[in-house]
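First comes the structure, then the notes that go with it.
By convention here, the first residue in the shown sequence is residue 1. Only a predicted model underlies this, so the values are computations on that prediction, with no experimental measurement involved.
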Amino acid sequence: MDLALAALPGLKEQLKRFEETELATRLQEQASVQHEQRILDDFSNAITGFGQEGDALKPDGESASTVLPPEKEVKLPHRDDLANVQAIAQDMHDAKVQAAEVLAIAAKKATADLAAIRSEWQPKADAVEATYKSLKKELEGDGFDPDAYLTVKNQVAVLEPKQGEKDQAVSELAIEQKARQSIVDEWEKADRKAYRDLEKAAKKVSKKLKGTVRASVRPSSDLGPLEQVLRDGTEGQISQALTKLQELEDLLPSKLAATIRKGAQALSDEFGFTDSSSQKIAAGGETLALLVEETRIPPEAVIELNVGRDGAENWKELDRLSAGQKATAVLMLLLLESDAPLIIDQPEDDLDNQFIAGHVVEKMRVAKKQRQFLFSSHNPNIPVLGDADQIIGLKPVVEDGEDRTKIDQKLCGSIDKEEVQELIKELLEGGEQAFSTRRKKCGF
């Protein structure tokens, strides 16, 4: 449409020059017949669209889709009360069928009526055309080009309504863009609030675990989602541009989208992209800008453990820690105040016995008043020093040549049950020592 409308000013200028001659007067009847032809053609298209609306309205199948699920699959306690819902659905289905039939009949009648009008109009138009052919030779003899005049006049008549349609579309687009921008602004406002909330939570965690574990929040260094959008929306290599975006401390997708809309030079000036990268990204246009604008880059939580000794601080992030150190940091976070159950599988695989006895058990003894802990462990300090309320002893056996695990009800119960105590001493290495430590610390 834009390409066609770009020619409209020039066509209007040509028409103006034609109408300054006697052509406009001498060819008025022929121009009017062309106008009538456009009216008939446009209305014929409208009838076609009317018929298509009826076709789209007609539902598939003779019956409405089943509303209630089959009784064999879903048991509904009040199925009888809902039985009439299917009848309502059938009424709606039948109404659509009837409406589609009414539209189809109306479209068929309109087509026939229009054909009748054309049959009466066509001989008159043909007569005007015959007169024009004889007049055309006379005008050409006088140095005029009547065909060119009629062609230009017809093109202007066709394009002028489209200019109005475009203006309306541009106006509606501006309204939608304003509404979208409002949504984007609210979205980013929510993102900023979420970031501040995460910062507060991180500070709270750091305060509770002062000197051992600290948490912070920073803009994510992973631009994977944004990179994918940019690669999918461009052609060729844009590695230099992606590298530049990675170097930014805080990247707002909405800012990048706005710059894409401004063009290649703006991308080079704002982000330092090469001309090649800027042109490729700018070529993505509004489509790419919209996708970039919708991309979210969530913040990154940073967890650090103090691995310093003798009071010295030496903070290291999780990805620089050993497996045991990572487990230490994560477990200390998990043992913070919460009312959610916590399931831990064999913590002794990554934690030394001293840490389990000195940190994990101590925190667990206090926290178990507010939450439930489920441990799978070979370490006796966890059930013994943690005063386990329920211990389930698993004994390995071989049956029919296969290793199995059995649960003996006699070996289940609290830490104070004698059979359970004997099981711990028998199966868990250091069990006797754990009970000795318990007697020294608790007196029982």
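Without hydrogens or angle criteria, Tyr195 side chain to Val217 main chain gives a donor-acceptor distance under 3.5 Å. Counting only distance, with no hydrogens or angles, the side chain of His93 and the backbone of Ser65 share no donor-acceptor pair below 3.5 Å. Using a distance-only test at 3.5 Å, with no hydrogens or angles considered, no donor-acceptor pair links the side chain of Lys162 to the main chain of Leu5. At distances below 3.5 Å, at least one donor-acceptor pair connects side-chain atoms of Lys368 with backbone N or O atoms of Gly386. At least one donor-acceptor pair under 3.5 Å links the side chain of Ser220 to the backbone N or O of Asp222. The closest donor-acceptor contact from the side chain of Gln325 to the backbone of Val307 lies at 3.5 Å or more, if one exists at all. A donor-acceptor contact shorter than 3.5 Å links the side chain of Glu300 to the backbone of Ser221. Lys417 places a side-chain N or O within donor-acceptor distance of the main-chain N or O of Cys412, the cut-off being under 3.5 Å. Put simply, the side chain of Glu348 gets close to the backbone of His378: a donor and an acceptor are under 3.5 Å apart. When atom types are taken as modelled, the side chain of Thr48 and the backbone of Ser44 share a donor-acceptor pair closer than 3.5 angstrom.
In the displayed structure, Glu247 atom CD is contacted under 6.0 Å by more than 12 heavy atoms of other residues, nucleotides or ligands. The neighbour count for Glu62 CD, taken as heavy atoms of other residues, nucleotides or ligands under 6.0 Å away, does not exceed 12. Crowding of Lys255 atom NZ: a count of heavy atoms from other residues, nucleotides or ligands under 6.0 Å not exceeding 12. The local environment of CD1 in Ile343 is sparse, with at most 12 non-hydrogen atoms from other residues, nucleotides or ligands closer than 6.0 Å. By the 6.0 Å contact criterion, NZ on Lys204 is open, its count of non-hydrogen atoms from other residues, nucleotides or ligands being 12 or less.
Gln265 and Ser278 share no donor-acceptor pair across their side chains, judged by distance under 3.5 Å alone. Residues Asp275 and Gln279 have side chains that never bring a donor and an acceptor to within less than 3.5 angstrom of each other. Side chain to side chain, Asp232 and Gln228 meet the donor-acceptor criterion of an N or O pair below 3.5 Å. Counted by atom type alone, Arg38 and Asn154 present one or more donor-acceptor pairs between their side chains at under 3.5 Å. In the model, Asp55 has no side-chain atom that pairs as donor or acceptor with a side-chain atom of Gln52 under 3.5 Å. A donor and an acceptor atom, one from each side chain of Glu172 and Gln168, are located under 3.5 Å apart. Inspection of the Thr212 and Asn306 side chains reveals no N or O donor paired with an N or O acceptor under 3.5 Å.
The pair Lys244-Glu270 does not count as a salt bridge, with every side-chain nitrogen at least 4.0 angstrom from each carboxylate oxygen. Residues Glu294 and Arg180 are paired through a salt bridge, judged by an N-O separation under 4.0 Å between the basic side chain and the carboxylate.
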Set out, in order, the CA-CA distance, both residues' side-chain angles and the distance that settles side-chain hydrogen bond (donor to acceptor under 3.5 Å, both in side chains) for Ser414 and Gln390, then state yes or no. CA-CA 5 Å; Ser414 72; Gln390 176 69 9; over 6 Å; no
If you apply the rule side-chain hydrogen bond (donor to acceptor under 3.5 Å, both in side chains), what do you find for Asp94 with Gln98, and how did you get there? CA-CA 6 Å; Asp94 295 342; Gln98 293 171 8; 5.9 Å; no
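The list of ring pair (Phe, Tyr, Trp, His ring centres under 6.0 Å) pairs with a residue in residues 212-271, not counting sequence neighbours, reads Phe271-Phe273.
The shortest side-chain heavy-atom distance between Ile238 and Leu230 falls under the 4.5 Å cut-off.
In this structure Glu399 satisfies the side chain to side chain contact (heavy atoms under 4.5 Å, CB included) test together with Val397, Arg404, Lys406, sequence neighbours excluded.
With rounding to the nearest 0.5 Å, the separation of CD in Gln246 from CG in Leu226 is 9.0 Å. How far CD of Glu286 is from CG of Leu288: 9.5 Å, rounded to the nearest 0.5 Å.
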